[in-house]
Amino acid sequence: MDIFMERAVKLAVENVRDGGQPFGAVLVKNNNIVAEGVNELHKTYDISGHAELLAIRRTQEQLQTNDLSGYTMYASGEPCPMCLTAMYFAGIEKVYYCASVEDADEAGLGKSKIIYKELQESREKRSLSMIQMPLNDGQENPMKLWKKR
């Protein structure tokens, strides 16, 4: 097993022993670990406190950038849709993972599998109701303001 994946799995094991979920992540560039993370939901009560997101946040804050092109993520588990989306937005180019979404589901951590399935449905068929609301007459349009910028 690759040393970076070994580290991600070790972080996940330590996190389980600390009362957390079995997820650890290591963000790498040029064969160097730039940041690490573990799921911290049990400590912070922040649903977005996933290992991959924390590694991304730490790197972006440290380097004052949103562009993580050229970076590789090593994760003990297949990234959830939220983490995967963040990696796309950040420009991360490659992800290695150990346990699959199906493995997580078998361990009782099945939300990712459900969400991946939901995202394949049209907005109208998803269990989370999404209703578009137009701007009020005369209300400034933030998208148009951004485009002018």
Side-chain angles (χ1 to χ4, degrees), residues 1-133 142-147 149:
M1 185 181 284
D2 180 279
I3 60 167
F4 301 124
M5 184 59 76
E6 284 182 15
R7 179 65 183 154
V9 171
K10 183 177 181 184
L11 288 167
V13 168
E14 291 171 357
N15 201 45
V16 170
R17 289 194 174 121
D18 188 41
Q21 295 176 329
F23 300 107
V26 176
L27 190 56
V28 174
K29 185 166 186 185
N30 298 328
N31 262 349
N32 292 305
I33 295 174
V34 179
E36 301 177 336
V38 296
N39 276 34
E40 295 184 357
L41 285 70
H42 66 296
K43 292 181 178 179
T44 62
Y45 302 99
D46 173 4
I47 199 69
S48 71
H50 287 201
E52 299 93 332
L53 287 179
L54 293 173
I56 289 169
R57 287 177 189 155
R58 290 172 180 147
T59 301
Q60 290 178 324
E61 183 178 358
Q62 175 187 346
L63 301 176
Q64 296 293 291
T65 185
N66 290 319
D67 183 9
L68 299 182
S69 301
Y71 286 75
T72 301
M73 182 70 74
Y74 291 81
S76 64
E78 185 174 356
C80 76
M82 176 176 59
C83 293
L84 184 63
T85 301
M87 289 182 227
Y88 273 107
F89 276 119
I92 292 171
E93 297 174 2
K94 193 176 284 188
V95 180
Y96 293 98
Y97 64 91
C98 198
S100 69
V101 167
E102 292 77 18
D103 294 332
D105 186 44
E106 288 178 22
L109 298 161
K111 284 190 178 179
S112 289
K113 185 176 178 182
I114 293 165
I115 295 168
Y116 272 120
K117 186 175 179 181
E118 282 259 328
L119 290 174
Q120 294 176 19
E121 298 287 347
S122 65
R123 283 187 204 106
E124 298 77 26
K125 291 184 178 179
R126 294 180 191 157
S127 63
L128 177 62
S129 180
M130 294 179 59
I131 302 140
Q132 185 177 15
M133 296 178 67
M143 293 296 175
K144 286 183 180 178
L145 182 63
W146 172 257
K147 191 173 179 181
R149 224 181 95 192

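Predicted model only: the values in this text are computed from it and were never measured. One is the number of the first residue; the rest follow in order along the sequence.
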Report the distance from atom [atom1] of [X] to atom [atom2] of [Y], rounding to the nearest 0.5 Å.
X      : Y      : atom1 : atom2 : result
Ile47  : Leu53  : CD1   : CG    : 11.0 Å
Ser129 : Glu124 : OG    : CD    : 10.0 Å
Ser48  : Leu54  : OG    : CG    : 7.5 Å
Leu128 : Ile115 : CG    : CD1   : 9.5 Å
Met143 : Lys147 : CE    : NZ    : 12.0 Å
Ser127 : Glu118 : OG    : CD    : 3.5 Å

**Asked** Counting only heavy atoms not in Tyr97, do more than 12 fall under 6.0 Å of its OH?
**Response** no
**Complete:** Sequence neighbours excluded, the answer for ring-ring contact (aromatic ring centres under 6.0 Å, His included) partners of Tyr96 is Tyr74
**Prompt:** Backbone N or O of Asn32 within a donor-acceptor pair of the Asn30 side chain at under 3.5 Å?
**Reply:** no
**Request:** Verify side-chain contact (heavy atoms from CB on, under 4.5 Å) between Leu41 and His50, making sure each step is shown before the conclusion.
**Result:** CA-CA 7 Å; Leu41 285 70; His50 287 201; 3.7 Å; yes
**Message:** Determine whether Glu78 and Ser112 satisfy the following criterion, side-chain contact (heavy atoms from CB on, under 4.5 Å), listing intermediate values before the conclusion.
**Reply:** CA-CA 9 Å; Glu78 185 174 356; Ser112 289; over 6 Å; no
**Message:** With side-chain contact (heavy atoms from CB on, under 4.5 Å) as the test, pick out the partner of Phe23 among Leu11, Val9, Leu109.
**Reply:** Leu109
**Request:** State plainly whether the residues Arg57 and Glu40 are in salt-bridge range, i.e. N to O under 4.0 Å.
**Result:** no
Which atom names give the shortest non-hydrogen contact between [X] and [Y], and what distance separates them?
X     : Y     : answer
Ala55 : Ala35 : O-CB, 3.5 Å
Gly37 : Ala51 : O-CB, 3.4 Å
Asn66 : Gln60 : O-NE2, 3.2 Å
Pro22 : Ser76 : O-OG, 3.2 Å
Ala12 : Gly24 : CB-N, 3.6 Å

**Request:** Walk me through it: do Lys113 and Tyr116 pass the test side-chain contact (heavy atoms from CB on, under 4.5 Å)?
**Result:** CA-CA 5 Å; Lys113 185 176 178 182; Tyr116 272 120; 6.0 Å; no
Should [X] and [Y] count as side-chain neighbours, where that means a heavy-atom distance under 4.5 Å?
X     : Y     : result
Glu61 : Arg58 : no
Lys29 : Leu68 : no
Asp18 : Val38 : no
His42 : Asn15 : yes

**Message:** What I want to check is whether the side chains of Asp67 and Thr65 have a donor and an acceptor closer together than 3.5 Å.
**Reply:** no
Considering only distance and modelled atom types, tabulate donor-acceptor pairs under 3.5 Å from the side chains of residues 81-93, sequence neighbours left out.
unit_1: Thr85; atom_1: OG1; unit_2: Pro81; atom_2: O; d: 2.7
unit_1: Glu93; atom_1: OE2; unit_2: Gly70; atom_2: N; d: 3.1

